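The first residue of the sequence shown is numbered 1, and numbering continues consecutively from there. The shown structure was predicted, so the numbers you read here are calculated from the model rather than taken from an experiment.
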Amino acid sequence: MRTRKPAETRKAEIVDTALRLADELGPDRLTTEAVARRVGITQAGIFRHFPKKQALWEAIAGHIAGLMEKRWAGALAARQPADARIRSLIAAQLRLIRATPAIPAILFSRELHSENDALRRAFLALLGRFHRRIATLVRQGIEEGVFRRNLDPDDAAMLIVGLVQGLAVRWSLTRRGFDLLEEGARLLDLQLSGFANPESEHRREERS
């Protein structure tokens with residue numbers, strides 16, 4: 001006889017399963033029927049917890065946001081110079097994408113977002129929070145003398161966000177054909193070198 005799981009446990013199981021299937025099938029082909037079959041319950045069982053498919057997608061968005069916020073907080077907990085904190089933040093984001101490979105496809109699915117405006121707004125807000133965290137770190141780097149004084153923090157953050165997004169999409173399209181963290185670190189180093197304060201670099205060379 002099957003034991004009925006608590007509602008929150010079952011909802012978490014459904015969301016986790018939907019994320020895995022979104023990676024296997026693609027988010028646009030994900031159905032509640034496929035999720036129910038994989039979980040081992042009826043489709044009615046899915047709708048008992050998520051009355052509409054939109055509600056399931058909104059729960060997935062909330063789950064992804066929670067994962068990201070937790071990773072960001074952990075990456076920024078240590079006291080480090082701003083450039084090191086940016087590297088930690090981006091590495092944490094790329095580790096999460098590697099562990100949850102459906103994220104890029106879900107974030108950038110035009111079909112999915114065109115059918116669910118609430119989902120589109122939720123992900124847009126999430127990307128906005130990521131951008132603001134990076135911009136704040138760039139400002140700190142300018143104050144610390146790590147980055148050049150005429151660097152615009154919002155523009156710099158936009159470039160870094162774009163780097164992560166492009167890298168995640170390329171990793172997904174190549175079927176994970178390269179080391180995401182290694183390539184991310186290499187490209188981020190190249191990007192940050194363009195932000196560097198020449199005076200700081202000169203002083204570093206003199207000390208060496």
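The closest side-chain heavy-atom distance from K53 to N116 is not below 4.5 Å. Annotation: side chain of I134 is in contact with side chain of I90 (closest heavy-atom distance under 4.5 Å). For the pair H49 and L56, the minimum side-chain heavy-atom distance is 4.5 Å or more. For the pair F50/E58, no side-chain contact is recorded, criterion being any heavy-atom separation below 4.5 Å from C-beta on. Counting heavy atoms from C-beta outward, L21 and E24 have side chains that approach closer than 4.5 Å. Proximity of L137 to F147: side-chain heavy atoms (C-beta onward) are nowhere separated by under 4.5 Å.
Taking NZ of K52 as the reference point, atom OG1 of T32 lies at 13.5 Å (rounded to 0.5 Å). Here E182 contributes atom CD and L187 contributes atom CG; the two are 10.5 Å apart, rounded to the nearest 0.5 Å. Interatomic distance, CG of D83 versus OG of S88, reported as 9.5 Å (0.5 Å rounding). Between the CG atom in L163 and the CG atom in L188 there is a gap of 6.5 Å [rounded to 0.5 Å]. Atom CD of Q43 and atom CD1 of I46 lie 8.0 Å apart (nearest 0.5 Å). Rounded to the nearest 0.5 angstrom, F195 CZ and R148 CZ are separated by 7.5 Å.
Taking each heavy atom of G184 and L167 in turn, the nearest pair found is CA-CD2, 3.3 Å. For D28 against S109, the heavy-atom pair with the smallest separation is OD1-OG, 2.7 Å. When all heavy atoms of A92 and A75 are compared, the pair lying nearest together is CB-CB, 3.8 Å. Shown here for L94 and L180, the closest heavy-atom pair between the two residues is O-CD2, 3.5 Å. Summarising the geometry of A91 relative to L181, their closest heavy-atom pair is O-CD2, 3.5 Å, with the distance given to 0.1 Å. Here the closest heavy-atom approach between residue D154 and residue H131 is recorded as O-NE2, 3.1 Å.
Residues E144 and Q140 bring no donor and acceptor atom of their side chains to less than 3.5 Å of each other.
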Exercise. When you look at R95 and R71, which way does the side chain to side chain contact (heavy atoms under 4.5 Å, CB included) test go after all the steps?
Worked result: CA-CA 9 Å; R95 285 193 194 94; R71 295 287 182 115; 3.7 Å; yes
Can you check side chain to side chain contact (heavy atoms under 4.5 Å, CB included) on R20 and D16, steps first, answer last?
-> CA-CA 6 Å; R20 288 195 297 274; D16 286 340; 3.9 Å; yes
Test side chain to side chain contact (heavy atoms under 4.5 Å, CB included) on L151 and N197; report intermediate values, then the result. CA-CA 9 Å; L151 183 65; N197 182 353; over 6 Å; no
request  = Could you walk me through whether Q54 and L119 pass the side chain to side chain contact (heavy atoms under 4.5 Å, CB included) test, one step at a time?
outcome  = CA-CA 8 Å; Q54 177 179 339; L119 188 67; over 6 Å; no
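In the hydrophobic clustering of ILVMFWY residues, with side-chain heavy atoms under 4.5 Å counting as a link, M158 and L192 come out apart. The cluster map of Ile, Leu, Val, Met, Phe, Trp and Tyr, joined by side-chain heavy atoms under 4.5 Å apart, puts F47 and V35 in different clusters. Under the 4.5 Å side-chain heavy-atom criterion for ILVMFWY residues, a single connected hydrophobic cluster contains both I60 and L25. Linking Ile, Leu, Val, Met, Phe, Trp and Tyr whenever their side-chain heavy atoms come within less than 4.5 Å leaves L124 and I106 in two separate clusters. Under the 4.5 Å side-chain contact rule for hydrophobic residues, L127 and W57 do not share a cluster.
Looking at R38 and E13, no side-chain N of the basic residue comes within less than 4.0 Å of a carboxylate O on the acidic one, giving no salt bridge. Using a 4.0 Å cut-off between charged side-chain N and carboxylate O, R186 and D189 make no salt bridge. With respect to R29 and E111, no salt bridge is recorded, no charged nitrogen being found less than 4.0 Å from a carboxylate O. Taking the charged nitrogens against the carboxylate oxygens, E69 and R133 do have a contact shorter than 4.0 Å, which makes a salt bridge. Between R139 and D152 there is no salt bridge, since no side-chain N of the basic residue sits under 4.0 Å from a carboxylate O of the acidic one.
Not one N or O on the side chain of S172 forms a donor-acceptor pair closer than 3.5 Å with the backbone of A168. Between the side chain of R85 and the backbone N or O of L76 there is at least one donor-acceptor pair closer than 3.5 Å. Of the possible donor and acceptor atoms, none in the side chain of T100 sits under 3.5 Å from a partner among the backbone N and O of I97.
Note on residues 157-173: pairs passing salt bridge (Lys or Arg N to Asp or Glu O under 4.0 Å), not counting sequence neighbours, are R170-E183.
Using bins of under 30°, 30° to 60° and over 60° for the plane-to-plane angle, the ring pair H113/F123 lands in the tilted bin.
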